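In what follows, a structure is listed as structure tokens, so that the remarks can point back to it.
Counting begins at 1 with the first residue of the sequence. As the structure is a computational prediction, the values presented were derived from the model and not from experiment.
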Amino acid sequence: LDFCLVVWGQMIDWQRVVLNLRSAGLSATAVARRVGSTPESVLHLARGEVADPRWSTGLKLLTLHHKICPEQHAREIYEHA
């Protein structure tokens, strides 16, 4: 099962999730530390070079996005479901 299909059958734009976190002031290193990944992996997602993160990383990214970017999270994750 592809992680991007889990949230109510909705595709998640991981690039947008990471870019929102970066726009909120978190560096790639800070995001990586909080989700247990590497800065390089976060940058690959931000540049759209990787479509989907690992399951555990994706779940942590969504949790962080919800905490740091609540308005964008509600709009981009829930309103498109």
Side-chain angles (χ1 to χ4, degrees):
L1 181 63
D2 196 356
F3 184 79
C4 67
L5 300 176
V6 172
V7 179
W8 299 283
Q10 177 65 29
M11 298 292 285
I12 295 171
D13 184 346
W14 294 107
Q15 183 177 25
R16 176 62 27 216
V17 167
V18 172
L19 291 176
N20 285 343
L21 291 169
R22 301 281 313 276
S23 293
L26 294 178
S27 66
T29 300
V31 172
R33 270 194 210 120
R34 289 184 173 198
V35 301
S37 188
T38 65
E40 293 79 16
S41 294
V42 171
L43 290 172
H44 287 303
L45 284 168
R47 291 190 295 255
E49 297 170 353
V50 175
D52 298 304
R54 291 183 350 197
W55 172 269
S56 59
T57 302
L59 186 57
K60 291 173 187 174
L61 277 170
L62 287 177
T63 301
L64 183 61
H65 190 256
H66 182 264
K67 180 179 178 181
I68 302 295
C69 310
E71 285 109 21
Q72 292 97 333
H73 190 80
R75 182 178 62 245
E76 293 175 15
I77 304 299
Y78 298 118
E79 287 183 9
H80 297 294

Nearest 0.5 Å, what's the NZ-OG distance between K60 and S37? 9.0 Å
Going only through I, L, V, M, F, W and Y residues with side-chain contacts under 4.5 Å, is there a path from V50 to V42? yes
Heavy atoms from other residues, nucleotides or ligands near CZ of R47 exceed 12 (cutoff 6.0 Å): yes
How far apart are the closest heavy atoms of H44 and E49, and which atoms are they? ND1-OE1, 2.5 Å
V31 and L61: which non-hydrogen atoms are nearest, and at how many Å? CG1-CD2, 3.8 Å
With the side chain counted from C-beta on, respond yes when L43 and R22 share a heavy-atom pair under 4.5 Å apart, and no when they do not. yes
Report yes if some heavy atom in the side chain of S41 is under 4.5 Å from a heavy atom in the side chain of T57; otherwise report no. no
Assess the side chains of H66 and H73: does a donor N or O sit below 3.5 Å from an acceptor N or O? no
Please round to the nearest 0.5 Å and tell me the distance separating atom CG of N20 and atom CD of Q15. 10.5 Å
What one should report as the nearest heavy-atom pair of A46 and V18 is CB-CG1, 3.7 Å
From C69 SG over to L26 CG, what is the distance, rounded to the nearest 0.5 angstrom? 7.5 Å
Side-chain touch H65/I12, heavy atoms, less than 4.5 angstrom: no
Is there a side-chain contact between L21 and R34 in this structure, where contact means two heavy atoms from C-beta onward sitting under 4.5 Å apart? no
